Amino acid sequence: MKKHLRLLLLAGTGMITGFLNGLFGAGGGMAAVLLLKKCNLHTDHAAAGTNPDKNSAAQTAHATSIALIFALSLFSAIMHLSNGNVALNDVAFYIPGGILGAVMGAALLKKISPKWLKRIFSVFMLYTAYRLIFG
């Protein structure tokens, strides 16, 4: 892929991810994973020979998406804190549990096949959609 096209795709992926995250507070990560996998934008590891199989490629796309969402979420959190939309005291109680959950999820990502990860995530999304529509 030509360098200019790759840079354009990377910027576009970031913009779509940021837009969805900013608008809905979620969803950017899902879009990022799909775009990263579809456009092979997460292949720096593959080019270096450290990501040889399909499972690793899917895991790399997920991990890249999480890193992207971290940066976007940090920026969004700073904006919301500075605008007075949220108080840091309200958030402080969630952080330790969130960090523990993130560590557990990241550890499990390497142990769950992409096939099962898709199935588990699909059930979670269907449940979430049901709650949004009927809840």
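Predicted, not measured: the structure shown is a model, and the values here were computed from it.
Side-chain N or O atoms of Asn21 include none that pairs as donor or acceptor with a backbone N or O of Thr17 at under 3.5 Å. Remark: side-chain polar atoms of Ser82 are paired, donor with acceptor, to backbone N or O of Met79 under 3.5 angstrom.
Interatomic distance, Asn83 CG to Ile78 CD1, rounded to the nearest 0.5 Å: 12.0 Å. Atom CD1 of residue Ile69 and atom CE of residue Met30 lie 9.5 Å apart, to the nearest 0.5 angstrom. Between atom CG of residue Asn85 and atom CG of residue Asp90 there is a gap of 12.0 Å, rounded to the nearest 0.5 Å.
A pairwise comparison of heavy atoms in Ala87 and Leu81 identifies C-CD2, 4.3 Å as the closest pair. Summarising the geometry of Ser65 relative to Gly29, their closest heavy-atom pair is OG-O, 3.0 Å, with the distance given to 0.1 Å.
Under the 4.5 Å side-chain heavy-atom criterion for ILVMFWY residues, a single connected hydrophobic cluster contains both Ile16 and Phe19. Met15 is not connected to Val33 by any chain of hydrophobic side-chain contacts under 4.5 Å among Ile, Leu, Val, Met, Phe, Trp and Tyr, and they are in different clusters.
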Per-pair distances, 0.1 Å, donor-acceptor, side chain in residues 92-110, under 3.5 Å, sequence neighbours excluded:
none

Please report, to 0.1 Å, the donor-acceptor pairs under 3.5 Å made by any side chain of residues 114-127, with sequence neighbours excluded.
from, atom 1, to, atom 2, distance (Å)
Ser122, OG, Lys118, O, 2.7
Tyr127, OH, Arg131, NH1, 3.0

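Annotation: side-chain hydrogen bond (donor to acceptor under 3.5 Å, both in side chains) contacts of Tyr130 (sequence neighbours excluded): none.
A heavy-atom distance below 4.5 Å is not found between the side chains of Thr64 and Leu68.
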